[in-house]
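This report concerns only the one structure given below.
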Amino acid sequence: MRGPAGFLLCSLLLVTPHRTEVAAQDTQPDPKMPCANWMGGAPGYPGHNGLPGRDGKDGQEGPKGEKGEEGVQGPKGDQGETGAPGQRGFPGQPGLNGEKGEGAFVYRSAFSVGLKERAPHPNVPIRFTKIFYNEQNHYDASTGKFLCSIPGTYYFAYHLTVYLTDVKVSLYKRDKAVIFTYDQFQKNNVDQASGSVLLHLSTGDEIWLQVYGEGDNNGVYADNINDSTFMGFLLYPDLDVH
């Protein structure tokens, strides 16, 4: 085909691909948009939870904390129930018999007496007939002698008023003088002569006071306002005898 019609056809063929390329470039989809911006898809479902991670290593022990304040005391609890009584135990074995007791009355022996006569006779027991105490009757006022009924250790004492002349007396045991007391009389004066002793006595022993020597030493005196006394008592008995 020649002439103007052929030239026009050739021009159209050349121009058409160029427009197509431009159009193609203008309508190219954005790669960031889903489905090229012409078909949007539905959103996807959330994924499953992942597996828990492994436990980490224990950390180092921290410093000890300070002691806390003491708490308020709680209320007193209720009293518990009384427990059931236990079983009665078996009786124990009998103990050994104790030693035989000693009655106190067995060991009582005492006397306290005074003089009524002004001048007792020499070389014989002085008879103290004023009785202050003689509960056991171990002192005999008729003889002036104390008779030992309980063997043991005794205490004896005497306090004599001295008047008119000198005094020399002795305490006797079994007809033998044990102690001597001498007092020299001073004119126009009243004096005292005294003595005391501890003695061990056996059953049947006798104790008494006696003016020693002749009548020149017989100044033992007593009246309504002056006393001459004699006394004795058991300190402790001989336990091996009773």
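For the pair Tyr107 and Ile150, the minimum side-chain heavy-atom distance is below 4.5 Å. Taking the side chain as every heavy atom from C-beta outward, Ser202 and Arg174 approach each other to under 4.5 Å. Side-chain contact check for Ile207 versus Phe230: some heavy-atom pair is nearer than 4.5 Å. Taking the side chain as every heavy atom from C-beta outward, Leu201 and Phe156 approach each other to under 4.5 Å. Trp208 has its side chain out of reach of Leu147: every pair of non-hydrogen atoms, C-beta onward, lies at least 4.5 Å apart. The shortest distance between side-chain heavy atoms of Phe185 and Val167 does not fall below 4.5 Å. Using a 4.5 Å heavy-atom cutoff, the side chains of Thr229 and His159 are in contact.
Looking at every heavy atom in both residues, His138 comes nearest to Ser109 through ND1-OG, 2.7 Å. In this structure, Phe233 and Ala110 approach most closely via the heavy-atom pair CB-CB, 3.6 Å. Heavy atoms only, all atoms of each residue included: Lys173 and His200 are closest at NZ-O, 2.9 Å. The shortest non-hydrogen separation linking Leu115 to Phe128 is N-CD2, 3.6 Å.
The aromatic rings of Tyr139 and Phe111 lie parallel to each other, their planes meeting at an angle below 30°, with 60° marking the opposite boundary.
To the nearest 0.5 angstrom, Lys176 atom NZ is 13.0 Å from Leu171 atom CG. Separating the CG atom in Asp238 from the OH atom in Tyr236 is a distance of 8.5 Å, to the nearest 0.5 Å. A distance of 9.0 Å separates CG in Asp175 from CD in Gln210, rounded to the nearest 0.5 Å. Taking CD from Gln184 and OG1 from Thr165, the interatomic distance works out to 9.5 Å, rounded to the nearest 0.5 Å. Note that the NZ atom of Lys76 and the CD atom of Gln73 stand 10.5 Å from one another [nearest 0.5 Å].
Judged by distance alone, the side chain of Ser228 and the main-chain N or O of Tyr221 form a donor-acceptor pair under 3.5 Å. The backbone N or O of Asp227 lies less than 3.5 Å from a partner atom in the side chain of Thr161, making a donor-acceptor pair. Not a single donor-acceptor pair under 3.5 Å links the side chain of Lys116 to the backbone N or O of Arg127.
Hydrophobic clustering (ILVMFWY, side-chain heavy atoms < 4.5 Å, transitive): Val178 and Leu234 are in one cluster. Linking Ile, Leu, Val, Met, Phe, Trp and Tyr residues whenever their side-chain heavy atoms come within less than 4.5 Å leaves Ile126 and Met231 in two separate clusters. When hydrophobic clusters are built by joining Ile, Leu, Val, Met, Phe, Trp and Tyr residues whose side-chain heavy atoms come closer than 4.5 Å, directly or via intermediates, Leu209 is not grouped with Val124. Following chains of ILVMFWY side-chain contacts shorter than 4.5 Å, one can reach Ile179 starting from Val162, so the two form part of one hydrophobic cluster. Leu160 is connected to Val190 through a chain of hydrophobic side-chain contacts under 4.5 Å among Ile, Leu, Val, Met, Phe, Trp and Tyr, so both are in one cluster.
Screening Tyr212, Tyr172, Tyr158 for a ring pair (Phe, Tyr, Trp, His ring centres under 6.0 Å) involving Phe180 leaves a single residue, Tyr212.
With ring centers used as reference points, Phe146 lies under 6.0 Å from Tyr154.
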